[in-house]
Colleague: 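This is the structure I want to talk about, given as structure tokens.
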Protein chains: 2
Amino acid sequence: MTDQELAFMERFKIGEMTVEPGTPLLSEGANSPQIFTALSGFGLRFKMLPDGRRQVLSMIFPGDLIGLQAGVMREMTHNIEATTAMKLCVFNRNELWSLYKTHPSRAYDLTWIASSEERFLGEALTAIGQKSAMESLAWALSRVFRRLEALDMLEGNSVPLPYRQQDLADALGLSLVHTNKTLAKLRERQIASWADGRLSVSDLEQLEEIGLVEGGPPPARPLM
Amino acid sequence: MTDQELAFMERFKIGEMTVEPGTPLLSEGANSPQIFTALSGFGLRFKMLPDGRRQVLSMIFPGDLIGLQAGVMREMTHNIEATTAMKLCVFNRNELWSLYKTHPSRAYDLTWIASSEERFLGEALTAIGQKSAMESLAWALSRVFRRLEALDMLEGNSVPLPYRQQDLADALGLSLVHTNKTLAKLRERQIASWADGRLSVSDLEQLEEIGLVEGGPPPARPLM
DNA sequence: CGTGCCATTGAGCCGGTTCAAAGCCGGTGG
DNA sequence: CCACCGGCTTTGAACCGGCTCAATGGCACG
């Protein structure tokens, strides 16, 4: 970054913030003045239905930008919650527009990020809409594994994955019971095993094959 | 627009183009040098699985931007096809970056569009993942109706909707048969009826209630 | 030592799927 | 002018993947 960019980021960045597990960061309908970047910890992005059903849209990992929607549109259309303790970098939404005027390459990155999230949701939609429970699950696990691997969180053959089975079930539109049973099958077949907040994958290739994962690692994400 | 903007758009816009029904506009994996805006006609955005299953991601209506993903990322991750004859405005992808440098407000619009599409996919994911067939269908029909209404295509109580039931089924992750039977129920209940390429809604309020649609009309979309 | 959250497992059921067949066009060629 | 064909919609019937209900067990915490 240039000096000028640094100076701008100084103004754009408000500060840092640490939150407890379970803290709601942004809520549906809110018009928050803040945008965050996750520095550490894990979170969930989800939508609720009036009767309590929940759709998890994505898991939030370190490096992810949070609240771009609220930044660029009027208001938030989904909720964001910290699953573990999280450290966040806080940005001032009001400076977003001046970023577009003065730092086009950063602006371009933002479009890239939004576009990349759209791409992910398209994949998720395809998984939920078309794939069987086993296929979706394998898709989700391999996707998560690849991303955490790219974040350099791989230790041995396992990555941290501190969520409940209910969270994954809500992400895949499956029931908790069926998610549990399908996970058990993957474990029995010695392909992948998720316990105690860690996901171990012993046969990634087969996992991706089951999940009908289309080639290639996920694209690298510019940091904001 | 200012003169300067007009001059730029002149360079950015390559020309116009008309395509036949069924023409593929962009394909998965392609790295197309073009970005389009639909001027008239209808299209589909979808992903295919290796075994032929298809997930429709969204319907493309006049005014929609096509191919932003290919523009901003390396390559396309879904297919786009013209359902009816379409008239398109063609832009030069290579000028995209200079747009960011010289026209920040247009750049902002692009992020807005990408973000808005992400928002839509999140809603779709929630419909497919959590809602019953009847709920999803009502959601989809009311969504489509609202959008076409906003495009000023409402005549009487009906809007054009020139797709096959199979297309809608693939969008909602339902079988063709069940989609048909669920549509029949909405027709019997005198709520909405879709035939001969037109969707008539006689009780929009009830349709949105069944579909668990959260308030408000969809946000207006900046034209590119 | 109780209490609550989460994972696990069994049993029965149901919303939605698959299979199959028939009806309804509009287009085409004889 | 009519017979035929292909794409789409409609309807009936049987089946099944995944859901719901229910109970148990492990573990952390007060």
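All chains are named by letter (A, B, ...) in the order of the sequence lines, taking the proteins before the strands, and each is independently numbered beginning at 1.
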Colleague: Does A:Arg119 come within less than 4.0 Å of A:Glu214, counting only side-chain N to carboxylate O?
Modeller: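 Salt bridge between A:Arg119 and A:Glu214, a charged N being under 4.0 Å from a carboxylate O: no.
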
Colleague: Within a radius of less than 6.0 Å around CD of A:Glu205, do more than 12 heavy atoms belonging to other residues, nucleotides or ligands occur?
Modeller: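 Not buried by this count: 12 neighbours or fewer within 6.0 Å.
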
Colleague: Other residues, nucleotides and ligands only: do more than 12 of their heavy atoms fall within 6.0 Å of CG on A:Asp152?
Modeller: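 Open.
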
Colleague: I need the minimum non-hydrogen distance between A:Ala70 and A:Met76, along with the two atoms involved.
Modeller: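 That would be CB-SD, 3.5 Å.
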
Colleague: For B:Arg54, what residues pass the salt bridge (Lys or Arg N to Asp or Glu O under 4.0 Å) criterion, not counting sequence neighbours?
Modeller: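 B:Asp167, B:Asp170.
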
Colleague: Can you pull out the residues from residues 172-183 of chain A that lie within a 4.0 Å heavy-atom distance of DNA chain D?
Modeller: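 Listed by number, they are A:Gly173, A:Leu174, A:Ser175, A:Val177, A:His178.
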
Colleague: Can you tell me how far P of D:dT10 sits from CZ of B:Arg164, to the nearest Å?
Modeller: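 So the CZ-P distance, B:Arg164 to D:dT10, works out to 14 Å.
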
Colleague: Taking 5' to 3' order, which nucleotide of DNA chain C is first and which is last to have an atom within less than 4.0 Å of a heavy atom in chain B?
Modeller: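 Span of nucleotides near chain B: C:dG16 to C:dC19.
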
Colleague: Over its full length, what angle do the end axes of the helix from C:dC1-D:dG30 to C:dG30-D:dC1 make, each axis taken from five pairs and the result rounded to 10 degrees?
Modeller: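 The two end axes of the helix from C:dC1-D:dG30 to C:dG30-D:dC1 meet at 30°.
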
Colleague: Run the salt bridge (charged side-chain N to carboxylate O under 4.0 Å, His left out) test on B:Asp51 and A:Lys131 for me, step by step, so that the C-alpha distance in whole Å, both residues' side-chain angles and the decisive distance to 0.1 Å come before the verdict.
Modeller: CA-CA 11 Å; B:Asp51 61 5; A:Lys131 297 182 184 176; over 6 Å; no

Colleague: For A:Leu148 and A:Leu161, work out which heavy atoms get closest and say how close.
Modeller: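 For A:Leu148 and A:Leu161, the tightest heavy-atom pair comes out as CD1-CD1, 4.2 Å.
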
Colleague: Does the side chain of B:Gln166 get closer than 4.0 angstrom to OP1 or OP2 of D:dG7 through an N or O atom?
Modeller: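 False: B:Gln166 side-chain N/O out of range (4.0 Å or more) of D:dG7 OP1/OP2.
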
Colleague: What are the atom names and distances for every N/O pair under 3.5 Å that joins the protein to nucleotides 24-29 of chain D?
Modeller:
none

Colleague: Considering residues at least two apart in sequence or located in another chain, which fulfil the ring pair (Phe, Tyr, Trp, His ring centres under 6.0 Å) criterion with A:Tyr163?
Modeller: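 A:Tyr163 satisfies ring pair (Phe, Tyr, Trp, His ring centres under 6.0 Å) with no residue once adjacent residues are dropped.
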
Colleague: For a quick test of your reading: what N or O donor-acceptor pairs under 3.5 Å do the side chains of residues 180-193 of chain A make, sequence neighbours left out?
Modeller:
from	atom 1	to	atom 2	distance (Å)
A:Asn180	ND2	A:Gln165	OE1	3.0
A:Thr182	OG1	A:His178	O	2.7

Colleague: Would you jot down, in residue-number order, the residues of residues 121-128 of chain B having a non-hydrogen atom under 4.0 Å from DNA chain D?
Modeller: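 Under 4.0 Å from DNA chain D: no residue of residues 121-128 of chain B.
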
Colleague: Show every ring-ring contact (aromatic ring centres under 6.0 Å, His included) that has at least one partner inside residues 179-205 of chain B, sequence neighbours left out.
Modeller: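 Qualifying pairs, neighbours excluded: none.
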
Colleague: Got a sec, which pairs hit ring-ring contact (aromatic ring centres under 6.0 Å, His included) with one end in residues 49-88 of chain A, sequence neighbours left out?
Modeller: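 Qualifying pairs: A:Phe42-A:Phe61.
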
Colleague: How would you list all residue pairs meeting side-chain hydrogen bond (donor to acceptor under 3.5 Å, both in side chains) that involve residues 80-90 of chain B, not counting sequence neighbours?
Modeller: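 Residue pairs passing side-chain hydrogen bond (donor to acceptor under 3.5 Å, both in side chains), neighbours aside: none found.
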
Colleague: With sequence neighbours excluded, what pairs up with A:Thr111 under the side chain to side chain donor-acceptor pair (under 3.5 Å) test?
Modeller: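 For A:Thr111, the residues satisfying side chain to side chain donor-acceptor pair (under 3.5 Å) (neighbours in sequence not counted) are B:Tyr100, B:Thr111.
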
Colleague: I need the minimum non-hydrogen distance between B:Gln130 and A:Arg53, along with the two atoms involved.
Modeller: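 What the structure gives for the nearest pair is O-NH1, 2.8 Å.
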
Colleague: Checking the side chain of B:Ser136 only, and the main-chain atoms of B:Ser132 only, is there a donor and an acceptor separated by less than 3.5 Å?
Modeller: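 Looks like yes, one N/O pair under 3.5 Å.
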
